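Small disclaimer: the values here were computed from a predicted structure and weren't measured. Numbers for residues simply follow the sequence, beginning at 1.
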Amino acid sequence: MNKGELVDVIAENTGATKKQADTILTALTETIMETVSSGEKVILVGFGSFEARDRKARDGRNPRTGEKLTIPATKSPIFSAGKTFKEQVKD
């Protein structure tokens with residue numbers, strides 16, 4: 001499902017227009033990205049949580065040349081599914 005299809009489903013389920021549903025979905029995703037980028041965690045009970053985690057520097061290898069290289073430390077966004085979400089997917 002892409003964003004357009006998700007907007008259609010949200011509009012249908014809520015009675016909102018597609019434009020309103022798109023505005024709400026965009027605001028939601030932008031707010032989650034801004035919050036996680038600032039170092040805070042976003043928790044949606046039953047659905048899951050979004051947070052930034054540090055990844056350590058590690059050794060890697062260039063697949064073309066086989067040359068060793070160091071992959072620098074970085075932060076990555078992480079999503080952890082909530083209990084309700086996990087149970088629904090499991091069934």
K.L.:
Is a salt bridge present between Lys18 and Asp8, judged by a nitrogen-to-oxygen distance below 4.0 Å?
P.N.:
yes
K.L.:
Given 3.5 Å as the limit, does a donor-acceptor pair link the side chain of Thr26 with the main chain of Thr23, or not?
P.N.:
no
K.L.:
In terms of side-chain geometry, is the basic nitrogen of Glu51 or Arg53 positioned less than 4.0 Å from the acidic oxygen of its partner?
P.N.:
yes
K.L.:
Which heavy atom of Phe50 sits nearest to which heavy atom of Phe79, and what is that distance?
P.N.:
CE2-CD1, 3.4 Å
K.L.:
Got a donor-acceptor contact below 3.5 angstrom from the Gln20 side chain to the Thr17 backbone?
P.N.:
yes
K.L.:
To the nearest 0.5 angstrom, please state how far the OG1 atom of Thr29 sits from the CD atom of Glu34.
P.N.:
9.5 Å
K.L.:
Identify the heavy atoms of Ala21 and Val7 that sit nearest to each other, and give their distance.
P.N.:
CB-O, 3.7 Å
K.L.:
Tell me whether Val42 shares a hydrophobic cluster with Ile78, the cluster being built from Ile, Leu, Val, Met, Phe, Trp, Tyr side chains joined at under 4.5 Å.
P.N.:
no
K.L.:
With rounding to the nearest 0.5 angstrom, report the CD to NZ distance, Gln88 to Lys86.
P.N.:
14.0 Å
K.L.:
How far does CG of Leu28 sit from CE of Met33, to the nearest 0.5 angstrom?
P.N.:
9.5 Å
K.L.:
Is it true that Val36 and Phe47 fall in one hydrophobic cluster, defined by side-chain heavy atoms closer than 4.5 Å?
P.N.:
yes
K.L.:
When rounded to the nearest 0.5 angstrom, what is the spacing between OG1 in Thr74 and CZ in Arg58?
P.N.:
9.0 Å
K.L.:
Walk me through whether Asp22 and Lys3 qualify under side chain to side chain contact (heavy atoms under 4.5 Å, CB included).
P.N.:
CA-CA 8 Å; Asp22 182 55; Lys3 183 180 178 184; 3.2 Å; yes
K.L.:
Would Asp59 and Thr70 satisfy side chain to side chain contact (heavy atoms under 4.5 Å, CB included), going step by step from the backbone distance to the final call?
P.N.:
CA-CA 5 Å; Asp59 293 329; Thr70 301; 3.9 Å; yes
K.L.:
Just by distance, with hydrogens left out, do Ser37 and Lys75 show a side-chain donor and acceptor under 3.5 Å apart?
P.N.:
no
K.L.:
Evaluate the side chain to side chain contact (heavy atoms under 4.5 Å, CB included) criterion for residues Ile24 and Ile10: first the C-alpha distance (whole Å), next the side-chain angles of each, then the deciding distance (0.1 Å), finally the verdict.
P.N.:
CA-CA 10 Å; Ile24 292 167; Ile10 292 170; over 6 Å; no
K.L.:
Within the structure provided, determine whether Leu25 and Leu6 are in side-chain contact (heavy-atom separation under 4.5 Å).
P.N.:
yes
K.L.:
Between Glu87 and Thr84, is there a donor-acceptor pair closer than 3.5 Å when you use the side chain of the first and the backbone of the second?
P.N.:
no
K.L.:
If every non-hydrogen atom of Arg61 is compared with every non-hydrogen atom of Gly66, which pair is closest and at what distance?
P.N.:
NH1-O, 2.8 Å
K.L.:
Report yes or no: do Leu44 and Val89 belong to one cluster of Ile/Leu/Val/Met/Phe/Trp/Tyr joined by side chain heavy-atom distances under 4.5 Å?
P.N.:
yes
